[in-house]
Amino acid sequence: MSGHPRGTPASGSAKTASEDRCFSPLPNQRALARELYAGVKDLPLVSPHGHVDPRMLAEDTPLPDPAQLFIVPDHYVLRMLTSQGVPLEDLGVASRDGKPRDDTPVERDPRAVWQRFAENFHLFRGTPTGLWLTLELEQLFGVEEKLDGDSAGRIYDHIQDRLGEPGFRPRALFERFALHTLATTDAATDTLEHHRTLRDEGFTRVRPTFRPDALLSLETEGWRENVRRLAGVSGIDVVDFDSFLRALEQRRAYFASLGATATDHAALRADTTRLSRAEVEAIFDRALAGVTAAGDAPRFTAHMLFEMARMSAEDGLVMQLHVGSLRNHNRRVFRRFGLDKGADIPVATHWTRALQPLLDAFGNDPTYRLVVYTLDEASYSRELAPLAGHYPALRLGAPWWFFDSVLGMERYLDAVMETAGAYNLAGFNDDTRAFASIPARHEVWRRVSCNWLAGQTLRGLMDEDDARALARALAYGQALDTFRLDGSDPA
């Protein structure tokens with residue numbers, strides 16, 4: 001872009017993303033993958049689980065500067081740069097208490113943050129983050145040269161100028177992305193004021209998702225304050241376990257009134273063991289008094305997951321369960337910077353016995369639906385696909401987090417399709433807070449699934465008509481059906 005007006009890509013610069021990205025190098029498979037992808041690439045995007053801030057859409061304010069848009073809030077970016085010794089302060093990340101360290105002050109200049117990122121962009125070669133960012137830069141912002149230390153300033157200016165255009169306001173991008181649905185993730189105690197604003201204006205394609213984790217885990221910092229906040233927003237005086245459940249039920253109903261179709265839960269383990277009434281009441285009373293006994297926290301969470309399933313069977317909200325991430329593994333980073341700084345690490349998971357109490361009670365209930373996600377790939381073929389291939393209530397979520405990648409998606413499809421089949425899968429969701437990256441993430445899934453289906457077709461395991469139908473289901477239809485969203489296949 002050197003020598004050109006600000007905001008204008010340099011002519012002759014080579015694009016860095018191949019037109020055949022994610023497709024097989026084998027000519028016959030690649031040709032069929034192209035054909036399948038052509039049939040689904042323009043389908044609306046369904047984003048039934050993610051972390052975009054609804055305030056951004058409610059207020060429709062311009063997106064932030066390139067550093068805040070691409071770097072500071074993205075734990076995928078932060079973890080890679082941290083692994084190579086780049087201080088988080090150099091990336092514009094402030095400490096939890098807002099106090100700078102004398103030896104490493106927080107960088108306040110977004111251009112300097114972007115420069116440091118660009119100088120280290122080579123670290124993302126071959127990673128899904130590198131692919132998403134490259135697609136986002138090229139397809140959304142029209143950047144046609146590689147990002148590095150030399151091009152950083154030109155690209156920064158170009159993006160900054162584009163962000164000032166009306167077409168880059170959040171609602172304009174929402175329409176440009178052809179988003180059928182965007183679900184946010186909201187604390188059970190959230191007032192949902194921004195969702196109310198959106199619905200009052202007729203913007204009904206943005207939906208809240210009920211996430212009560214801060215109330216279901218006794219180990220959450222400030223748990224008792226969260227209970228007091230629950231009492232305040234629900235209008236129910238929470239003095240015992242019964243009133244706690246009533247307050248949660250009231251909040252679920254309020255979320256549903258603003259368009260929610262799902263709940264979301266994260267846990268270290270998938271245990272859903274139900275406690276006796278006396279046991280859970282005793283645990284709750286101790287916690288409310290500020291005293292817990294050994295083992296109270298995991299037992300309470302397991303029981304509450306069962307209670308959440310009961311409520312979903314009653315009110316029809318789809319229950320999502322994310323299991324297998326040990327959060328904040330780097331305690332020094334957590335103490336200084338807080339949550340979501342790239343230090344969450346996978347652990348092994350066990351499902352068959354852990355889910356049995358819940359599935360015994362609700363697995364055959366036509367009202368109940370459970371979507372599960374894991375970071376333990378081995379459990380897909382060993383436990384989850386066999387479970388989803390039997391229980392009517394259970395569906396398998398998309399490859400999550402560390403497996404939201406080209407090879408991760410291929411391994412996922414290899415592991416689950418033969419046992420569970422495509423129609424016991426939940427389709428795709430992007431699970432992102434990076435609004436501008438949503439199209440790139442869906443594109444990768446659609447390309448990979450089409451390429452995988454092309455391979456199965458050429459092996460004689462399905463015909464082309466079946467492959468086309470499955471490509472549409474995986475790209476669009478399964479997400480609509482799984483999350484009980486209004487709409488039909490636009491074919």
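Side chains included, hydrogens not; waters and symmetry mates left out as well; all remaining heavy atoms used. The model shown is predicted, which means the values in this text are computed figures rather than measured ones.
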Say whether, by atom type as modelled, one donor and one acceptor occur between the side chain of [X] and the main chain of [Y] under 3.5 angstrom.
X    : Y    : value
E383 : T352 : yes
T301 : P298 : no
T482 : A479 : no
T261 : F483 : yes
R274 : L358 : no
S217 : D213 : no
R446 : Y476 : no

In sequence, state the C-alpha distance, the side-chain angles, and the governing distance for R229 and E225, and then conclude on salt bridge (Lys or Arg N to Asp or Glu O under 4.0 Å).
CA-CA 6 Å; R229 191 174 294 117; E225 177 56 35; 3.8 Å; yes
Smallest separation among heavy atoms of [X] and [Y], with atom names:
X    : Y    : answer
G397 : Y373 : CA-CE2, 3.5 Å
L91  : V113 : O-CG1, 3.4 Å
P44  : H180 : CB-CB, 3.9 Å
A385 : A420 : O-CB, 3.8 Å
R395 : L425 : CD-O, 4.1 Å

Listed partners of R246 passing salt bridge (Lys or Arg N to Asp or Glu O under 4.0 Å), at least two apart:
none
Which word best sums up how the rings of F428 and H442 line up, parallel for under 30°, tilted for 30 to 60°, or perpendicular for over 60°?
perpendicular
State which residues pass side chain to side chain contact (heavy atoms under 4.5 Å, CB included) with S449; sequence neighbours excluded, sorted by chain then number.
L413, W445, L474
Please tell me whether T349 and W351 have a donor and an acceptor in their side chains that are separated by less than 3.5 angstrom.
yes
Decide whether D240 and S243 meet the rule of one side-chain donor and one side-chain acceptor closer than 3.5 Å.
yes
Under the side-chain hydrogen bond (donor to acceptor under 3.5 Å, both in side chains) rule, what pairs show up with a residue in residues 306-316, not counting sequence neighbours?
E249-R310, R252-S312, R252-D315, H303-E307, E307-R310, R310-E314
What pairs of residues pass the side-chain hydrogen bond (donor to acceptor under 3.5 Å, both in side chains) test when at least one of them lies in residues 67-84, not counting sequence neighbours?
none
Residues passing the ring-ring contact (aromatic ring centres under 6.0 Å, His included) test with F284, sequence neighbours excluded, are W223, F241, F244
All pairs passing salt bridge (Lys or Arg N to Asp or Glu O under 4.0 Å) where residues 343-364 contributes a residue, at least two apart:
R327-D344
Step-by-step ring pair (Phe, Tyr, Trp, His ring centres under 6.0 Å) determination, Y254 to F210:
CA-CA 10 Å; Y254 182 67; F210 178 80; over 10 Å; no
Output yes when R286 and D296 qualify as a salt bridge under the 4.0 Å nitrogen-oxygen rule, no when they do not.
yes
So, R171 and E59, do they make that salt bridge, N to O below 4.0 Å?
no
So N328 and F337, do their side chains get closer than 4.5 Å, heavy atoms only?
no
Partner of H49 by side chain to side chain donor-acceptor pair (under 3.5 Å), out of D431, T209, T184, D430
D431
